[in-house]
Amino acid sequence: MPELPEVEITRLSFAPRIQGARTVAVRIGKPLRWPLGCVSGDLVSQTVGEVARRGKYLWLALERGGLLLHLGMSGSLRFTDTPGPPGPHDHFDLATTQGTLRLTDPRRFGAVVWSPSMGTGAAGKLLAGLGLEPFDPAFTGAFLKRALRGRRVSIKQALLAGDIVVGAGNIYACEALFDAGIDPRMRSGRLSLARCEQLATAVRKTLARALELGGSTLRDFRDAHGLAGEFQLHAEVYGREGLPCSRCGAPVRRIVQGQRATYFCAGCQRR
DNA sequence: AAGTGGACCTGCTAGC
DNA sequence: TGCTAGCAGGTCCACT
């Protein structure tokens, strides 16, 4: 589910309300991708600090260390005064004096991992290989050109890999490549500087638009208030196989790259 | 070093 | 109606 816009929207929807709260209790459901890395008692009776985001990860700072959270493919976070009894897919609750943060994740590709700090322990290891934030001023066409140099993977896969720039997942990588008019199959190391500039701009523009629209709700994404997004209603190519391209009318194509679906318009997106 | 494919897990939908 | 195959927003890890 959650790419950068969904994760950021989730963060914004609960960060101001949880900050300064005192943790009261922890409930663990079924195992997630990795073990928590501490006993639940270690998380109790602490003041919650800032909620930060790095790529698609969230960092919830506590007095002693903090929690790194990832929503995987199907995760979502709710923050509420009245969480109700946990359902079968509710695998982590952090009860605080200001409400309960609950992770719901049917597929359990998500994670909640304790670390001493964002840069050390398990969190440090998971965050170490991440590329630039897309809204970092250092993420420019020139940077992209340099980072892609010599790489033979397709540009679509290079965007998804997250070691150059983070945040664009399958939906927004497809949409950004459409916006930039670049064929997703193109060898990434072959992009000209001009096209790297177009792509860097398109990635930022696509993610910013998704943020404005509340993210994409394909089936179950909700922010921490329970609100759905509507970017998916504005997607130009993602999920639109066979439908006419809004620019040229040619049918949108679906191919598979690195075991993921890619949607694109062969008329508008060129090598 | 970089690229590829498998793995993790559950739910939904299309097709027979 | 009921079963099955295929597909889904991510990304780590082992292997070549």
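As a basis for the values below, the full set of heavy atoms in this structure was taken, side chains included, without hydrogen atoms, waters or symmetry mates. Keep in mind that this is a model prediction, so the values were computed, not measured. Each chain gets a letter, A, B and so on, in the order the sequences are listed, and its residues count up from 1.
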| query | In the 5'-to-3' direction, what one-character label does each nucleotide of nucleotides 9-16 of chain B receive under the scheme B = base within less than 4.0 Å of a protein heavy atom, S = sugar-phosphate only, - = no such atom? | reply | BBSS----
| How long is the gap from CZ on A:Arg195 to CG on A:Leu144, to the nearest 0.5 Å? | 12.5 Å
| request: Rounded off to whole Å, could you give me the CZ-to-C1' distance for the A:Arg33 and B:dA7 pair? | output: 9 Å
| request: Any pair with a residue in residues 26-35 of chain A that passes salt bridge (charged side-chain N to carboxylate O under 4.0 Å, His left out), sequence neighbours left out, goes on the list, sorted by first then second residue, please. | output: A:Arg27-A:Asp93
| query | Any side-chain heavy-atom pair from A:Ile164 and A:Leu148 closer than 4.5 angstrom? | reply | yes
| message | What's the gap between C:dG9 and B:dT4 when it is taken at their C1' atoms, as a whole Å value? | response | 22 Å
For residues 240-248 of chain A, dump all side-chain donor-acceptor pairs below 3.5 Å to protein atoms at least two apart in sequence or in another chain.
from     : atom 1 : to       : atom 2 : distance (Å)
A:Arg240 : NE     : A:Glu236 : O      : 3.2
A:Ser246 : OG     : A:Glu236 : OE1    : 2.5

| field | Value in whole Å for how far the P atom of C:dG9 lies from CZ of A:Phe231 | value | 14 Å
| Residue pairs involving residues 156-183 of chain A (criterion side chain to side chain donor-acceptor pair (under 3.5 Å); sequence neighbours excluded) | A:Glu6-A:Tyr172, A:Arg151-A:Asp163, A:Ser154-A:Gln157, A:Lys156-A:Asn170, A:Lys156-A:Thr262, A:Tyr172-A:Ser216, A:Asp179-A:Lys205, A:Asp183-A:Arg185
| Should A:His70 be listed as having a side-chain N or O under 4.0 Å from OP1 or OP2 of C:dG10? | no
| Which part of the nucleic acid, if any, lies within reach of A:Tyr238 when heavy atoms closer than 4.0 Å are counted: base, sugar-phosphate only, or nothing? | sugar-phosphate
Validation: residues 118-126 of chain A side-chain donor-acceptor distances under 3.5 Å, sequence neighbours left out:
from     : atom 1 : to       : atom 2 : distance (Å)
A:Thr120 : OG1    : A:Ser117 : N      : 3.3
A:Thr120 : OG1    : A:Ser117 : OG     : 2.8

| query | Which dot-bracket string fits DNA chain C when only Watson-Crick or G-U wobble pairs with both atom distances under 3.5 Å count, crossing pairs get [ ], and | stands for a partner on a different strand? | reply | .|||||||.|||||||
| task | For C:dC3 versus B:dC9, give the span between their P atoms, rounded off to a whole number of Å. | result | 25 Å
| query | Residues two or more places apart in sequence or in another chain: which of them pass salt bridge (Lys or Arg N to Asp or Glu O under 4.0 Å) with A:Arg53? | reply | A:Glu8, A:Glu133
| field | Inter- and intrachain pairs under salt bridge (charged side-chain N to carboxylate O under 4.0 Å, His left out), touching residues 67-91 of chain A, at least two apart | value | A:Asp90-A:Arg102
| Can you tell me how far P of C:dG10 sits from CG of A:Leu71, to the nearest Å? | 11 Å
| field | Carboxylate-amine/guanidinium proximity below 4.0 Å for A:Arg22 and A:Glu63 | value | yes
| message | Measure CD1/A:Ile171 against P/C:dA8 and give the value in whole Å, please. | response | 11 Å
| Those residues of residues 172-192 of chain A lying under 4.0 Å from DNA chain B by at least one heavy atom | none
| task | Specify the residues of residues 255-262 of chain A, ordered by number, for which at least one heavy atom lies under 4.0 angstrom from an atom of DNA chain C. | result | A:Arg260, A:Ala261
| said: As an exercise, state the distance from CZ of A:Arg204 to CG of A:Leu199, rounded to the nearest 0.5 Å. | reply: 10.0 Å
| task | With sequence neighbours excluded, give me every ring-ring contact (aromatic ring centres under 6.0 Å, His included) pair touching residues 18-40 of chain A. | result | none
| field | OG1-CZ distance between A:Thr100 and A:Phe92, expressed to the nearest 0.5 angstrom | value | 11.0 Å
| Going from CG on A:Leu103 to NE2 on A:His89, what distance comes out if it is rounded to the nearest 0.5 angstrom? | 12.0 Å
| field | Strand contacts (DNA chain C) in residues 141-162 of chain A, 4.0 angstrom heavy-atom criterion | value | none
